[in-house]
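A short write-up of the structure that comes next.
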Amino acid sequence: MDVKAPGKILIVDDTPANLGVLGNTLESEGYEISTAPSGEIALEIANSFSPELIFLDIMMPGMDGFQTCEALKNSLETQDIPVIFMSALNDVDSICKGFDHGGLDYIAKPFRREEVLSRAKTHIQLYKLINERKNYTRTLEDTVKKRTKELHDTRLEVINCLGRAGEFRDNETGMHVVRMSHFARLLGETIGLSEEKSSLLFHASPMHDIGKIGIPDNVLLKPGKLNEEEWEIMKSHVTIGATILSRDDSPLMKTAKIVALHHHEKWDGSGYPNNLKGEAISLEGRIIAICDVFDALTSKRSYKDPWPINKTMELIESSSGKHFEPALVNRFKKIVPEVLKIKEEFADV
């Protein structure tokens, strides 16, 4: 944009002679002019004409210049338009009152051509420069938001892919992490977690078993029961996962780390890796524990058929106060119909 180019000016004065003189003066320099004989009409024109500068008379019948300027500054559409007050009143109080009502400058009647043109050029240039800066800032902010969203979406996709990759090592499908992520968000919302925390839980959940990528195949894929040494190796997947996820301090990765570390802790303190008990276990870990077990039991695997829903819920209820937090068990029971819809929607393929 050429900031030196003439602009659009609205002149507001109840005296036709003043409108004519000032209008002709400005038009002779290439400015596009619109005029208004009153404050009320000026407000209407300002919204449609979109001036870049307003010359505003103070002493007018009805809505005076001060009131008109105040109305302009109270409107989002016109609040940034610079206003130059015009008046034969040359006292300090009138000038200061004009500034108090939002005016940027003051010019005395009768007009001096050179002064009028100089003030018009200065204020329009400044207005255009300010708008350029605002537009540039807005564009820059939009670009940053777009890039941030792209980065966030990419991070989520990487998390989901890694989570599903971990599942593929000991599962026929990676849909388990998808289902339990939805279960976890649903349970979180049911107990009153904020939308932000429920969303974090949803996106962090797929990483709960990422540490399995560090477990040797002869342990992870062993068809029979693990011996004591093998079981200790298997249990290390929670600390391996937490280590993998500890390099990023974002809220998402912090939540994922907590989920990985705590999802095998038990309410009565008999879980691993740290034998945490009760509320010493993170809420995220307590939520994932129920969702993980429910989906694992009700899903078909190469080594087992899916458990019936009633049998699964019997086990979960019998484990209330032992493996699972009782309050969460009660809440989970109430959302089972919705959980089953999710399970059907994201069935193994």
Side-chain angles (χ1 to χ4, degrees), residues 163-164 166-167 170-193 197-209 212 225-226 231 234-235 237-238 255 258-272 275-349:
R164 294 183 71 175
E167 285 299 312
D170 69 339
N171 257 314
E172 290 125 2
T173 174
M175 294 306 292
H176 167 66
V177 296
V178 175
R179 290 191 296 266
M180 62 162 294
S181 296
H182 283 278
F183 299 166
R185 178 166 61 184
L186 178 60
L187 184 53
E189 292 171 345
T190 301
I191 65 173
L193 288 186
K197 288 188 176 181
S198 295
S199 181
L200 277 176
L201 185 59
F202 172 74
H203 291 299
S205 296
M207 301 295 281
H208 72 290
D209 270 341
K212 287 182 178 179
K225 185 176 180 180
L226 301 178
W231 179 234
M234 175 63 81
K235 289 196 295 185
H237 80 275
V238 295
T255 303
I258 289 172
V259 164
L261 191 60
H262 286 185
H263 72 285
H264 281 299
E265 298 286 1
K266 295 184 179 182
W267 185 254
D268 64 2
S270 63
Y272 64 88
N275 302 115
L276 298 180
K277 185 176 182 179
E279 293 186 359
I281 307 167
S282 66
L283 179 58
E284 295 88 348
R286 286 177 263 154
I287 289 173
I288 295 301
I290 295 178
C291 299
D292 189 24
V293 169
F294 179 87
D295 192 69
L297 291 177
T298 57
S299 298
K300 180 178 175 58
R301 294 291 180 261
S302 58
Y303 53 86
K304 77 171 188 69
D305 290 326
W307 282 29
I309 301 302
N310 62 337
K311 182 180 177 182
T312 301
M313 289 308 301
E314 285 175 6
L315 183 142
I316 288 177
E317 289 182 53
S318 68
S319 300
S320 177
K322 301 173 186 175
H323 190 160
F324 308 118
E325 178 184 355
L328 287 180
V329 171
N330 290 334
R331 292 299 184 95
F332 189 83
K333 286 162 58 179
K334 294 179 180 179
I335 63 171
V336 168
E338 294 170 83
V339 166
L340 295 179
K341 290 179 182 178
I342 293 171
K343 194 165 180 65
E344 182 178 356
E345 181 179 356
F346 299 100
D348 294 328
V349 293

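Treat the numbers as computed from the prediction; the structure is a model and nothing was measured. Side chains included, hydrogens not; waters and symmetry mates left out as well; all remaining heavy atoms used.
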For the atom pair [atom1] ([X]) and [atom2] ([Y]), what is the distance rounded to the nearest 0.5 Å?
{"X": "Lys197", "Y": "Thr255", "atom1": "NZ", "atom2": "OG1", "answer": "9.5 Å"}
{"X": "Leu328", "Y": "Trp267", "atom1": "CG", "atom2": "CH2", "answer": "7.5 Å"}
{"X": "Tyr272", "Y": "Met234", "atom1": "OH", "atom2": "CE", "answer": "8.0 Å"}
{"X": "Ile258", "Y": "Ile281", "atom1": "CD1", "atom2": "CD1", "answer": "13.0 Å"}
{"X": "Leu187", "Y": "Ser198", "atom1": "CG", "atom2": "OG", "answer": "9.5 Å"}
{"X": "Ile287", "Y": "Ile191", "atom1": "CD1", "atom2": "CD1", "answer": "4.0 Å"}

### Query
If we ignore angles and hydrogens, is there a donor and acceptor under 3.5 Å between the side chains of His264 and Asp292?
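No, no side-chain donor-acceptor pair sits under 3.5 Å.
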### Task
Kindly write out the residues that satisfy ring pair (Phe, Tyr, Trp, His ring centres under 6.0 Å) with His262, not counting sequence neighbours, or none if the list is empty.
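With sequence neighbours excluded, His262 shows a ring pair (Phe, Tyr, Trp, His ring centres under 6.0 Å) to no residue whatsoever.
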### Message
With side chain to side chain donor-acceptor pair (under 3.5 Å) as the rule and sequence neighbours excluded, what pairs involving residues 325-344 come up?
### Response
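Listed once each, the pairs are Arg286-Glu325, Asp295-Lys343, Thr298-Lys343, Ser299-Lys343.
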### Task
Sequence neighbours left out, what pairs pass ring pair (Phe, Tyr, Trp, His ring centres under 6.0 Å) with at least one residue falling in residues 323-347?
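Sorted result for residues 323-347: His182-Phe346, Phe294-Phe332.
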### Message
Are the side chains of Leu201 and Ile288 in contact, using a 4.5 Å heavy-atom criterion?
### Response
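The answer is yes; the side chains approach within 4.5 Å.
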### Query
So do Ser205 and Phe183 actually touch side chain to side chain, heavy atoms under 4.5 Å?
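No, every pair of side-chain atoms sits at 4.5 Å or beyond.
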### Query
Among Glu284, Met180, His237, which one satisfies side-chain contact (heavy atoms from CB on, under 4.5 Å) with His208?
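Going through the options one by one, the only one that passes is Met180.
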### Query
Do any N or O atoms from the side chain of His203 and from the backbone of Leu200 form a donor-acceptor pair under 3.5 angstrom?
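No; zero donor-acceptor contacts below 3.5 Å.
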### Query
More than 12 foreign heavy atoms under 6.0 Å from NZ of Lys235: is that the case here?
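Result for NZ/Lys235: enclosed.
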### Within 6.0 Å of NZ in Lys304, more than 12 heavy atoms from elsewhere
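Yes, NZ of Lys304 has more than 12 neighbouring heavy atoms, counting only those of other groups under 6.0 Å.
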### Message
Listing request: all salt bridge (charged side-chain N to carboxylate O under 4.0 Å, His left out) pairs with a residue in residues 259-270, at least two apart in sequence or in separate chains.
### Response
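Non-adjacent pairs meeting salt bridge (charged side-chain N to carboxylate O under 4.0 Å, His left out): zero.
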### Message
For a quick test of reading the model, state the closest non-hydrogen atom pair linking Asn275 to Ser270 and the distance between them.
### Response
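Closest pair (atom of Asn275, atom of Ser270, distance): ND2-C, 4.2 Å.
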### Message
To check you understand the geometry: which heavy-atom pair defines the closest contact between Val329 and Ile290, and what is its length?
### Response
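Smallest interatomic distance, heavy atoms only, reads N-CD1, 3.9 Å.
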### Task
Given side chain to side chain contact (heavy atoms under 4.5 Å, CB included), test Leu297 with Lys311 step by step and report yes or no.
CA-CA 9 Å; Leu297 291 177; Lys311 182 180 177 182; over 6 Å; no
### Task
Applying side-chain contact (heavy atoms from CB on, under 4.5 Å), name anything that partners Pro306, two or more places apart in sequence or on another chain.
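side-chain contact (heavy atoms from CB on, under 4.5 Å) check on Pro306 returns Lys300.
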### Message
For Asn310, give me all partners under side-chain hydrogen bond (donor to acceptor under 3.5 Å, both in side chains), at least two apart in sequence or on another chain.
### Response
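side-chain hydrogen bond (donor to acceptor under 3.5 Å, both in side chains) check on Asn310 returns nothing, list empty.
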